[in-house]
Amino acid sequence: MRLLLIHSDYIKYKTKSKTKIAENIEDKKKEMQFQNSLVVFTAVEEKDEENPEELVENAKKEIIKVFSQVGADNIVIYPYAHLSSSLSSPDRAKNILQSMKEILTAEGFNVERVPFGWYKSFEISCKGHPLSELSRNIQVDRVIKEKSEEEPSKFHILSEGKLYDPDTFKYESSDLKKLAAYELGNLESSGEEPPHVKIMREKDLADYEPAADVGHLRWYPKGRLIRDLLADYVYNLVTERGAMPVETPIMYDLDDDAIRVHAEKFGERQYRMGTKNKKLMLRYACCFGAFNILSDTFLTWKNLPLAIYELSTYSFRLEKRGEVVGLKRLRGFTMPDMHTVCADVEQSLQEFDSQIDMCAQTGVDLEINYEAIMRVTADFLEENEAWVLQSAKKVGKPVLLEILPKRKHYWICKMDFAAIDYLGRPIENPTIQIDVESGERFDITYMGPDEKELTPIIIHCSPTGSIERVIGSLLENSAIKSAEIPPMFPVWLSPTQIRILPIAERHLDYSLKLAEEFKSKKIRVDVDDRQETVGKKIRTAAGDWVPYVLVVGDKEMESNQVMVNIRKTQEKLLMDKEDIISRIQKESQSMPFRGLPLSLKLSGRVQF
RNA sequence: GCCUCAGUGGCUCAGCCGGUAGAGCGAUGCCUUGGUAAGGCAUAGGUCGGGGGUUCGAAUCCCCCCUGAGGCUCCA
C-alpha cells in the first residue's frame, strides 16, 4: 500500500462523474471540505490482498504516528490510484479503505473517506512545514508460523494390525526404515546430487529449459514417449475402473470466492498472473476444474461413487528455488488427478480401499518399490480404528502411521506411497486423500434417497503421483540396482525395445526387412546402420539401455534365427524371430504401446 | 528465500598465486566391411556463464547479477 500524506490547511473535493467501479454515495458526500486535515492519499496494491488485516493495522499505526506529529484535527482518506502501478482489485481496495476508516474511527479520530471510483476535482492547501508532505510504503511482515505451538504428530509402525515404535521396530525393508527416518527427521544427508538428474540428460530424455522459469523442463522424443506411455497407462487404469476423463483450464479467477479460499490455503507457492481486469492463478492441481464441474453437475445418490479424471499437463507450483531439483521437485509438472465423489464417510472408506489396491498395482506395473505412510487425524482414528488397521493390511507389508492431533488440512485420512531414491530419500508418488472441506466450499451437492440435498465427501487420488516423479523414480531405481543388474526401463517403457545390428553393409537390407516385421508386431525397433564396428554398436546399444540387441550377419541371413543379447540377464542366445516377438509381447502384456518417434536408422538421428 | 560450493568447445574435464586456451568423447571427412562394451588418420568447433572493476595485460584477482548442486526450511 502506498500512502502520500499531506498536512493541509484545507482540502475540498467535488465528484464529477462515475467510473465503472464507482461506489454508491449519499448526496452530501458529493462535495465536501475539511479544515486542518491530514490527507492520506492511498493506493491499495495487489500484494496487499494477501493479508489485509495486518496491512490495515500497519497503515493505522503509521497514520497515527504522523497525525500526532503534525497536530491535525481530521484524517481524510483519499483513494488515489496513481501512486502504484500494480493495483489491487477495486472491490478489495474499497474494503481495505473502509476498514482503515473504521479502525481509525474506533481509536477516536475524526475520519472521513472520500468516495471511491469517481472522477473528482479537488483543491488542497499544503501547510508546507517539514512534515507536511510524506510518503509511506506500507507492507505486511511475513507471518512466521509459530510451529512450536503446534502439537507434534505421533508416528508408529503399523504391522499386522499392531502398533510399534519406529525407533525400535525390526525393519525387514530398508526402504521403510529410510522412510521412517526421513519422516521422523533422523536422516543424515550425504550431500550428493540424486543420480537421475544426470541420467535424464545423458539419455536424451529431458533437460532444464533455460529460457523458462526454474523447474520447467523440455522433453526430448524419448522422454516424451515415456511420458505419453505413462499417461496412457494411467488413463487406462482409471477409465477401466469407471472414472470419466475430463480436461479443465490451467488458470483460475481469484475473484471467485471458493477458488480464492482454496488457493489461499496453498499460500506462497502459487504462480499468479493477470490480465487487464482479472487476477488469475495457475492451477497447482486439477481440483479447481474438477470441483467446478462437479458443482455444476446434477448428482443423485445413485450416481455415487462417481469419479472424474484429468492429467494435468501442467500443474504449477512456485516451489522455493533451492528445493527445485531434477524430476523430483519441479515448478511445472504433470499430475494424474482423480476426484471421486462419495455419498458419506462410509462410502469413502470403501472407495479408499479399492484405490489402495490401484496405487499398489502401479508399483508392480512400473517395477518401483513403494513404502506407504498412512496419515490420520486422531478423531478419525478413534472413530474408524478397525478400518484403519484392516486397510493398512491391504498394503501387504508394514506401513508408517502418522497420527495428527488435530485436523490441519482439508483431509482427515490420507495414504502416501513413496519410492526411495539412491540417496535414501523418499520421492512421494501415489496419494489418496479423504477431503471433508471442498464439497461444501465448492458447493458440490447430491440428492439423497429422501430427496434432500446433501454434501458429499471427496477423495483425491493420484494413482502414480506426478509423471515426472515416476520417471525420476525409475531412473533412481536403475542407479540403485546398477551394482547388480544393468540399468534399464521396464520393457514396455523402453524407447527402443529391439535394436538390430547389421555387421556389414550387405546385411543392412535384411536388417531393415527384419525391422519391418517387428514393427508390424507393435515392437519399437531400430537399426544401427552406422559404419562402425560391432563392438562399438554393442556399446552404444548398452548405453541406450536397449533390452534386446540382435546381431545380424551372414549366418542369420541364412536362417530364421537371430543372435540376441538380452540385457536383463546378460545372456547371449540364438533365438527364433517368433520367440523374441512373443517374449516381448508377454513382457509388455496389457501395457500401452506407442510407436518409436525417432528415425528407424541410427544414422538419421540427431543428438539432443 | 538463506548458507556453502560450482559454471572453460555439443558432453566430461584440465589449465586458475595474472602473460590473451588444452585433452578425451562426440561431430565431419577419408581409410577400414567388420561377429559382441571405444578400428585408424585427419579436420572443424571456445569473445573461458553475463556485466563492471583492478592491471601494460584477466579464464585466472575483486564486486554485482544469472544459472546449477548440496544443506537449511517447506511440501496444502
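First the proteins, then the strands, lettered A, B, ... as listed; each starts at 1.
Nearest-nucleotide positions on RNA chain B place P194(A) closer to the 5' end than the other of P194(A) and E319(A).
Ring geometry for F291(A) against H460(A) counts as perpendicular: the plane angle is over 60°, on a 0 to 90° scale with 30° as the lower cut.
Nucleic acid contact class of R201(A) (heavy atoms, under 4.0 Å, all strands): none. Looking at heavy-atom distances under 4.0 Å, K198(A) makes no contact with the nucleic acid at all.
Neither OP1 nor OP2 of A69(B) sits under 4.0 Å from any side-chain N or O of R329(A).
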> For every nucleotide of nucleotides 42-49 of chain B, 5' to 3': is a protein heavy atom under 4.0 Å from its base (B), only from its sugar-phosphate (S), or from neither (-)?
Replying inline: --------
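Counted within 6.0 Å of CZ on R407(A), heavy atoms from surrounding residues, nucleotides or ligands total more than 12; the atom is thus considered enclosed.
In this structure S348(A) satisfies the side chain to side chain donor-acceptor pair (under 3.5 Å) test with no other residue, sequence neighbours excluded. Residues passing the side chain to side chain donor-acceptor pair (under 3.5 Å) test with Y182(A): none are found, sequence neighbours excluded.
A cation-pi arrangement is absent between R375(A) and W411(A) under the rule of less than 6.0 angstrom and at most 45 degrees off the ring axis.
The closest side-chain donor-acceptor pair between S603(A) and D529(A) falls under 3.5 angstrom.
Taking atom CZ of residue R321(A) and atom C1' of nucleotide C2(B), one finds them 12 Å apart after rounding to whole Å. Atom P of nucleotide U33(B) and atom CG of D529(A) are separated by 18 Å, given to the nearest angstrom.
Taking a 4.0 Å limit (strictly below) on heavy-atom distances, residues 532-539 of chain A reaches RNA chain B at T533(A), V534(A), G535(A), K536(A), I538(A), R539(A). Of the residues in residues 494-505 of chain A, those placing a heavy atom less than 4.0 Å from an atom of RNA chain B are I503(A), A504(A), E505(A), in numerical order. Within residues 564-572 of chain A, the residues that have a heavy atom under 4.0 Å from RNA chain B are, in order of number, N565(A), K572(A).
Between the base of G70(B) and the side chain of E323(A) there is no donor-acceptor pair shorter than 3.5 Å.
Each of C74(B), U67(B), A69(B) was ranked by its minimum atom distance to the side chain of V325(A); first place goes to A69(B).
The backbone N or O of S599(A) lies less than 3.5 Å from a partner atom in the side chain of R605(A), making a donor-acceptor pair.
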